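Right, one structure below, let's go through it.
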Amino acid sequence: MPAITLPDGSVRQFDAPVTGTTVAEAIGPGLARAALAMKVDGKPVDISTEIDQDAHVVFITRRDIDALEMIRHDAAHVLAEAVQELFPGTQVTIGPSIENGFYYDFARNDPFTPEDFAPIEAKMREIVARGARFERQVMDREEAIAFFQAKGEKYKAQLIEDLPRSEVITLYRQGEWIDLCRGPHLRTTADIGTAFKLMKVAGAYWRGDHRNAMLSRIYGTAWRDQKELDAYLHQLEEAERRDHRRIGKDMGLFHIQEEAVGSVFWHPKGWKLYRTAETYMRRRLDASGYQEVKTPQLVDRILWEKSGHWENYRQNMFIAHVEDEDKSLALKPMNCPCHVQIFRQGLRSYRELPLRMAEFGACHRYEPSGALHGIMRVRAFTQDDAHIFCTEAQIAPETVRFVELLSSIYRDFGFESFRVKFSDRPEARSGSDDVWDQAEAALKEACATAGVEYELNPGEGAFYGPKLEFVLRDAIGRDWQCGTLQVDFVLPERLDAEYVAEDGARHRPVMLHRAILGSFERFLGILIEQYAGRFPLWLAPVQAVVATIVSDADAYAEEVATALTKAGLTVRTDLTNQKINAKVREHSLLHVPVLAVVGRKEAETRTVALRRLGGSAQDVVSLEEAVARLAAEATPPDLRADRV
RNA sequence: GCCGGCGUAGCUCAGGGGUAGAGCAACUGAUUCGUAAUCAGUAGGUCCACAGUUCAAUUCUGUGCGCCGGCACCA
């Protein structure tokens with residue numbers, strides 16, 4: 001005799017087990033029409049599910065966010081059906097809903113190409129129009145395996161074989177087509193609607209393992225209505241305009257060329273941006289008790305053997321040989337072993353701890369070609385690296401301190417929020433399990449102390465210790481690790497770092513590896529996308545252009561530029577023989593934040609007309625006022641008087 | 001590294017078995033014009049590289065390199 005409690009708190013009694021459909025009908029025909037699925041005690045299920053005991057029920061309609069995920073999941077099923085109708089012999093594997101859409105991985109000798117999209121999409125629309133009911137079916141495990149084997153679907157059969165014994169095997173049928181699926185689903189394929197679109201093809205390894213077969217993946221996007229789909233596609237176009245590779249080219253910030261794959265040629269404006277960020281970081285580190293050092297680029301393999309990099313990281317290292325010498329040197333892929341060498345010079349005392357050693361360290365790593373991406377993933381990059389040598393007791397306070405510094409710096413750069421991931425021990429690692437237990441526990445405790453909330457990222461730690469990853473998102477939604485904090489008990493041991501403690505005996509320090517930006521290259525790439533090239537004044541590589549209206553104002557324009565330069569701004573003049581409209585347009589397209597326009601009037605009255613990027617207002621102020629105002633605004637956030 | 005796509009002027013792109021075109025940019029000249037494109041003219045290309053097919057290849061085929069989207073790998 002189930003009693004159904006609805007979201008408004010009302011309760012409906014039924015004499016016998018009922019399906020969601022029946023309950024919805026009992027409430028009203030409108031709801032019966034709109035209810036696509038439901039949540040029973042918080043768990044999403046098919047609307048046709050029978051409820052046989054008291055439960056809280058929430059109906060899911062098209063307007064609910066939960067419907068979106070189901071639309072996407074169902075669209076994946078329809079995609080698979082369409083593909084199998086059009087391309088017999090193609091095997092299905094998995095097809096989940098994902099952020100913004102869905103994908104399906106197919107096993108097939110000839111991978112799909114974008115040319116296949118039109119016919120597949122047409123077939124999908126046909127299947128949606130058919131409106132076949134999604135029917136759930138429970139099947140015995142062995143029977144299900146035999147069923148898929150008989151169809152030649154060996155991937156599906158394997159999926160079932162690998163499911164835990166306790167798992168109930170369910171299949172969903174839509175018309176003639178049937179798939180292994182946990183559910184839940186909408187009522188019919190018609191409920192998916194027509195606001196979907198196939199987006200791209202990609203190779204993907206079966207079960208995400210590169211030793212397995214490569215499958216052909218089709219990505220699609222799906223939404224509740226055409227308006228949402230259009231908005232999403234528009235947003236994608238907008239995001240493309242923010243792409244740091246495009247902006248880097250348009251603004252003349254940097255380039256990369258074939259002869260130095262994965263390395264950045266910084267142009268004057270790009271390097272100005274880089275230096276602004278570097279100078280800022282140096283000030284912040286100086287103020288936070290770090291000591292900056294500089295260590296060698298090329299280091300003998302002997303040191304890398306000691307540190308464990310030779311064993312664990314060699315495939316990512318650039319090795320250098322000299323003609324007449326029987327030596328192998330490696331370009332450093334990380335700075336840590338070098339920093340330990342500095343730590344090891346002389347006898348260290350516990351009084352020096354925590355010792356925070358920072359370096360803007362240029363590192364080289366041989367990254368797989370497919371991983372390279374603009375300046376965000378390169379083979380030569382500069383980390384804002386530091387190693388904190390400390391005692392175990394200092395791990396937690398140093399973590400708190402670090403997270404505060406990182407948050408403050410991210411905020412200054414305009415990133416109000418970021419995600420944190422906790423990566424624990426990887427398969428290939430140095431150090432005993434005991435040491436890893438200790439390191440992971442210490443980092444977790446430090447997080448608790450610092451109030452850091454994180455998601456788990458299993459098996460993704462560095463080979464010498466667990467790490468926290470601070471993740472920022474680029475324009476098109478890809479996540480990038482920037483900051484990191486790693487607890488390391490291994491390297492101090494391997495490289496024999498020690499200090500004399502209060503008790504007069506020698507002890508091992510703990511090493512905290514940490515970076516805030518991660519690498520300047522990646523961080524600046526994200527920064528470019530964050531601002532779409534329209535930087536706040538303190539970051540802009542060219543902060544103002546003084547543009548003339550008539551050539552009579554040339555001398556005055558030079559005077560204005562000089563005054564602004566003296567005040568510390570980076571300024572250019574535009575004395576070209578063009579209309580002011582053209583000048584405004586040109587410098588706006590280059591994202592110059594301030595345009596100082598001078599014509600006859602300004603020259604006579606010693607004023608400038610300030611125009612902000614993106615605005616159309618003109619602010620005519622005296623030269624002194626303009627200099628004072630812009631100088632104040634161009635002050636980096638950490639140097640501002642109102643800094644709390 | 002793997003799967004797919006792409007590689008034509010500085011940029012964005014069109015074209016196509018008989019050795020190439022547009023717009024913008026550049027350069028020259030005219031124009032001094034008050035807030036997102038003044039007008040006219042000029043110049044600019046081993047059509048990514050190498051090999052093959054062909055009377056003829058930038059176009060077709062193969063290989064390599066690079067780029068783009070994913071996967072795998074990672075700051």
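Source: prediction; values computed, not measured. So you know, we letter chains A, B, ... as the sequences are listed, proteins then strands, and number each from 1. Excluded from the calculations below are hydrogen atoms, water molecules and symmetry mates; all remaining heavy atoms, backbone and side chain alike, are included.
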In this structure, how many angstroms lie between the P atom of B:A75 and the CG atom of A:Leu372, rounded? 15 Å
Can you tell me if A:Ser369 touches the phosphate of B:G1, counting only side-chain N or O atoms and a distance under 4.0 Å to OP1 or OP2? yes
Check: B:G1 base within 3.5 Å donor-acceptor of A:Tyr366 side chain: no
May I ask you to say whether A:Arg211 pairs ionically with A:Asp209, meaning some side-chain N is under 4.0 Å from a carboxylate O? yes
Assign A:Lys200 to base, sugar-phosphate, or nothing according to its heavy-atom contacts below 4.0 angstrom with the strands shown. sugar-phosphate
Strictly below 4.0 Å, N to O, side chains only: are A:Arg612 and A:Glu633 in salt-bridge contact? yes
Side chain of A:Pro368: nearest nucleotide among B:C71, B:C73, B:G69? B:C73
What nucleic acid atoms does A:Val378 come within less than 4.0 Å of, heavy atoms only: base, sugar-phosphate, or nothing? base
For B:G44, which nucleotide in any strand shown is its Watson-Crick or wobble partner with both distances under 3.5 Å? none
Taking pairing as Watson-Crick or G-U wobble with both contacts under 3.5 Å, can you name the mate of B:C60, or confirm there isn't one? B:G52
Does A:Ala582 reach a base, just sugar-phosphate, or nothing at all? Heavy atoms under 4.0 Å. sugar-phosphate
Side-chain N or O of A:Arg478 versus OP1/OP2 of B:C68: is the shortest distance under 4.0 Å? no
Under 4.0 angstrom, heavy atoms only, what part of the nucleic acid is A:Thr484 near: base, sugar-phosphate, or nothing? nothing
Counting any heavy atom closer than 4.0 Å, what does A:Glu240 reach on the DNA or RNA strands: base, sugar-phosphate only, or nothing? nothing
Whole-Å distance between B:U35 C1' and A:Asp619 CG? 13 Å
Minimum-distance nucleotide (side-chain atoms of A:Met214 versus B:C71, B:A75, B:G34): B:C71
A:Glu240 with A:Arg246: basic N within carboxylate O range, under 4.0 Å: no
What nucleotide among B:A75, B:G69, B:A72 has an atom nearest to a side-chain atom of A:Gln486? B:A75
Looking at A:Ser616 and B:U35, is any side-chain donor or acceptor paired with a base atom of the opposite kind under 3.5 Å? no
Classify A:Phe523 by what it touches in the nucleic acid, base, sugar-phosphate, or nothing, heavy-atom distance under 4.0 Å. nothing
For B:A25, the Watson-Crick or wobble counterpart (both distances under 3.5 Å): none
Under 4.0 Å between a side-chain N/O of A:His373 and OP1 or OP2 of B:G69, yes or no? yes
Testing B:C67, B:C2, B:U35 for proximity to the side chain of A:Ala609, the answer is B:U35
Write down the distance between CG (A:Asp574) and P (B:A37), rounded to a whole number of angstrom. 15 Å
Given B:A75, B:G70, B:U35, identify the nucleotide with an atom nearest to the side chain of A:Phe381. B:A75
Is A:Arg600 near enough to B:U32 that one of its side-chain N or O atoms lies under 4.0 angstrom from OP1 or OP2? no
Any salt bridge between A:Glu586 and A:Arg572, counting N to O under 4.0 Å? no
Member of A:Phe381, A:Tyr290, A:Phe520 meeting the ring pair (Phe, Tyr, Trp, His ring centres under 6.0 Å) criterion with A:Phe360: A:Phe520
Tell me what A:Met199 touches on the nucleic acid: a base, only sugar-phosphate, or nothing, going by heavy atoms under 4.0 Å. nothing
Identified side-chain hydrogen bond (donor to acceptor under 3.5 Å, both in side chains) counterpart of A:Ser423 within the set A:Glu469, A:Gln481, A:Gln486, A:Glu440: A:Glu469
Between A:Gly374 and A:His244, what is the shortest heavy-atom contact and its length? CA-NE2, 3.5 Å
Under 3.5 Å on both distances, the Watson-Crick or G-U partner of B:C2: B:G70
Across the strands shown, which category fits A:Lys601 at heavy-atom distances under 4.0 angstrom: base, sugar-phosphate, nothing? base
Quick check: on RNA chain B, is the nucleotide nearest A:Leu589 upstream (toward 5') of the one nearest A:Cys482, or the reverse? Name the residue that is more 5'. A:Leu589
Specify the separation, in whole Å, of atom CG of A:Asp479 and atom C1' of B:C71. 17 Å
Would you classify A:Ala202 as touching base, sugar-phosphate or nothing, given that sugar-phosphate means primed atoms plus P, OP1 and OP2, and contacts are heavy atoms under 4.0 Å? base
Are any of A:Arg611's side-chain N or O atoms less than 4.0 Å away from OP1 or OP2 of B:A36? yes
Taking donor-acceptor contacts at under 3.5 Å, does the side chain of A:Glu258 reach the base of B:G7? no
Expressed as a whole number of angstroms, how long is the span from A:Glu469:CD to B:C73:P? 13 Å
Salt bridge check, A:Asp162 against A:Arg207: does any charged N sit closer than 4.0 Å to a carboxylate O? yes
Base, sugar-phosphate, or nothing: which does A:Glu521 touch, judged by heavy atoms less than 4.0 Å apart? nothing
Along RNA chain B (nearest heavy atom to each residue), the more 5'-positioned of A:Asp250 and A:Gly208: A:Asp250
note: A:Lys583, atom NZ; B:A36, atom C1'; distance rounded to Å ~ 14 Å
For B:A37, the Watson-Crick or wobble counterpart (both distances under 3.5 Å): none
Of all the choices, B:U32, B:G34, B:C2, which nucleotide is nearest to the side chain of A:Val550 once you look at every atom? B:U32
Atom CZ of A:Phe106 and atom P of B:G70: how far apart are they, to the nearest Å? 19 Å
B:A75, B:U35, B:G4: which one has an atom nearest the side-chain heavy atoms of A:Val597? B:U35
Could you tell me whether A:Arg217 contacts a base, only the sugar-phosphate backbone, or nothing, with contacts defined as non-hydrogen atoms closer than 4.0 Å? sugar-phosphate
Rounded to whole Å, the OH-P distance (A:Tyr464 to B:C74) equals 12 Å
Can you find a donor-acceptor N/O pair under 3.5 angstrom joining the side chain of A:Arg377 to the base of B:C73? yes
If we require ring centres under 5.5 Å and near-parallel planes under 30°, does A:Phe112 stack on B:G4? no
Short side-chain N/O contact from A:Lys467 to OP1 or OP2 of B:A75, under 4.0 Å: yes
Candidate list A:Phe470, A:Tyr531, A:Phe523, test ring pair (Phe, Tyr, Trp, His ring centres under 6.0 Å), partner A:Phe415, passing option: A:Phe523
Look through every strand shown and name the nucleotide pairing with B:A9 as Watson-Crick or G-U wobble, where both distances are under 3.5 Å. none
Determine: side-chain N/O of A:Asn581 to OP1/OP2 of B:A36, distance under 4.0 Å, yes or no. yes
Contact class for A:Gln481 vs. all strands (heavy atom < 4.0 Å): base, sugar-phosphate, or nothing? sugar-phosphate
